[in-house]
2 protein chains.
Amino acid sequence: MPEAVVPRGRKRRLDAERSRAAVLDAAIAVLGRQADASVEDIAAAAGVVRQTVYAHFPSRGALLAAVVEHLTAETTATLDTLDLDTMSEVDALRRWLEVSWSMVERYPVLLSPVMATAGPGADDVARHRSVTARLEALIRRGRMSGAFDTRLPEAWTVAAVVALGHAAGQEAGAGRMSPRDAGAAYRDSVLRLVRAPA
Amino acid sequence: MPEAVVPRGRKRRLDAERSRAAVLDAAIAVLGRQADASVEDIAAAAGVVRQTVYAHFPSRGALLAAVVEHLTAETTATLDTLDLDTMSEVDALRRWLEVSWSMVERYPVLLSPVMATAGPGADDVARHRSVTARLEALIRRGRMSGAFDTRLPEAWTVAAVVALGHAAGQEAGAGRMSPRDAGAAYRDSVLRLVRAPA
DNA sequence: CTTATCTTAGACACGGATGTCCAAGATAAT
DNA sequence: ATTATCTTGGACATCCGTGTCTAAGATAAG
């Protein structure tokens, strides 16, 4: 596995950075539709030739890893602008759900198996870790404060929230529900599942 | 695509039927662990050579289709022995969840993408149709009788139940929860999601 | 403008999986 | 015991994807 070329004799040509970005974007788009898309497919969608992809990413796996990295970074960054800690648990969860859902809507690849299999930790949860970490902390806080129900295991609750997100994404992606309705159903369902009974 | 050989000059050798069954069972087991297992892998697990697989199934796709067919048949058969119509909606749903969960436990391949991609209708829902049809009917009945909540779309409710089943399977399969706990959490979550508020 | 960088086109090697063919031997049916 | 069926081993063609190499042409940086 050779490394991606990053010359230092002169300045990096912005041309190159444009190609790299195009490939990355194309990968996000294409893999969102077909998880096992070939490098050829991605290159074509990027308006580039296959060799150019290898000029920026040493291997297919490295490209996938870059996709995962890119998206998790953006998602966690977005989540961190929310100041979830300063609001009530229920509001914070609502906010978290809104943001997560908007990300899923924008990047369907987020629910693709690609996110699980790519990257160092090839575990379905380990991959979402940096994103679900916020959720986990939030849920723990709500459970301790009495705002959330504690009858179900904490880890299960997290898994359930993720799974319902997948379901909403499927329904919207398959055209069985409008993205709006899917998002609403998602939020309502999670709240019903997580909130402490009155 | 040649057809599977079914001679009629003499009687079918039970030897052959044993091989066929072994291959089918091996496929169910192996694909449960690795969705993209090769015909070679499956043959090896069946204690058979690759060519023998092709002697019974014309192609890889046909084998997958046979797996799907086999499992959906068994599952629907099991579900039909329950007489769900004669009990209360909540009891019926509980029963449905128990049976479905036991099937998922026994056949992890049921949550594999194999079930979606194989078979004629390559739709995630269309494949489960014969199984989820029972669930759908059940949910509709409960919604009309007032036992279930009607604030969420019916189709969404079905999707959510399936998704939570996947989550439970994942958690149990990954060893993060015991199968028992996962099943319990699954049932509790679904009931909490579906039941009408008191 | 000069030069280094980037993209492209065309090959090529390699590995892995699918599907096919055939001949020989094992095995069950009659 | 005879015969048709089944499994096996070996070999082979094919397709597809990955990854590498090279030379030529385009393009941005200095």
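Residue numbers begin at 1 in each chain, while the letters A, B, ... track the order of the sequences. It should be emphasised that the depicted structure is a prediction, and the values quoted were computed from it without experimental measurement.
Across all their heavy atoms, A:R60 and A:D36 have their closest contact at NH2-C, 3.8 Å. Closest approach of B:E105 and B:P108 over heavy atoms only: O-CD, 4.0 Å. Residue A:E171 comes nearest to B:A155 through the heavy atom pair OE1-O, 4.5 Å, listed as atom of the first residue, atom of the second, then distance.
Relative to the side chain of B:Y54, the nucleotides C:dT7, D:dT7, C:dT18 differ in distance, and C:dT18 lies closest. The side chain of A:K11 has D:dG30 as its nearest neighbour among C:dA29, C:dT18, D:dG30. Checking C:dA29, C:dT20, C:dC6 against the side-chain heavy atoms of A:R12 singles out C:dC6 as nearest. Residue A:T52 places its side chain closer to C:dT8 than to any other of C:dT8, D:dG30, C:dT27.
Nearer to the 5' terminus of DNA chain D, by closest-nucleotide assignment, is the contact made by B:V48 (compared with the other of B:V48 and A:S38). Residue order along DNA chain C, read from the 5' end via each residue's closest nucleotide, puts B:D41 first among B:D41 and B:L14. When the nearest nucleotides of DNA chain D are assigned to B:E17 and A:R60 by heavy-atom distance, the more 5′-ward of the two goes with B:E17.
Under a 4.0 Å N-O distance rule, the pair B:R94/B:E98 does not qualify as a salt bridge.
Checked by distance alone, A:Q51 brings no side-chain donor or acceptor within 3.5 Å of a matching partner on the base of D:dG19.
Side-chain nitrogen and oxygen atoms of A:S59 include none within less than 4.0 Å of the OP1 or OP2 phosphate oxygen of D:dT18. A close approach under 4.0 Å does occur between a side-chain nitrogen or oxygen of B:H56 and OP1 or OP2 of D:dT7.
One atom, CG of A:D36, and another, P of D:dC16, lie 14 Å apart when rounded to the nearest Å. Remark: C1' of D:dC21 and CZ of A:R50 are 12 Å apart, rounded to the nearest angstrom. The CG atom of A:L63 sits 10 Å away from the P atom of D:dG19 (whole-angstrom rounding). Between A:E40 atom CD and D:dG17 atom P the separation is 8 Å, expressed in whole Å. Spacing between atom CZ of A:R18 and atom P of D:dA26 amounts to 17 Å, rounded to whole angstrom units.
Annotation for B:R195: atom CZ does not count as buried by contact number, only 12 or fewer foreign heavy atoms lying within 6.0 Å.
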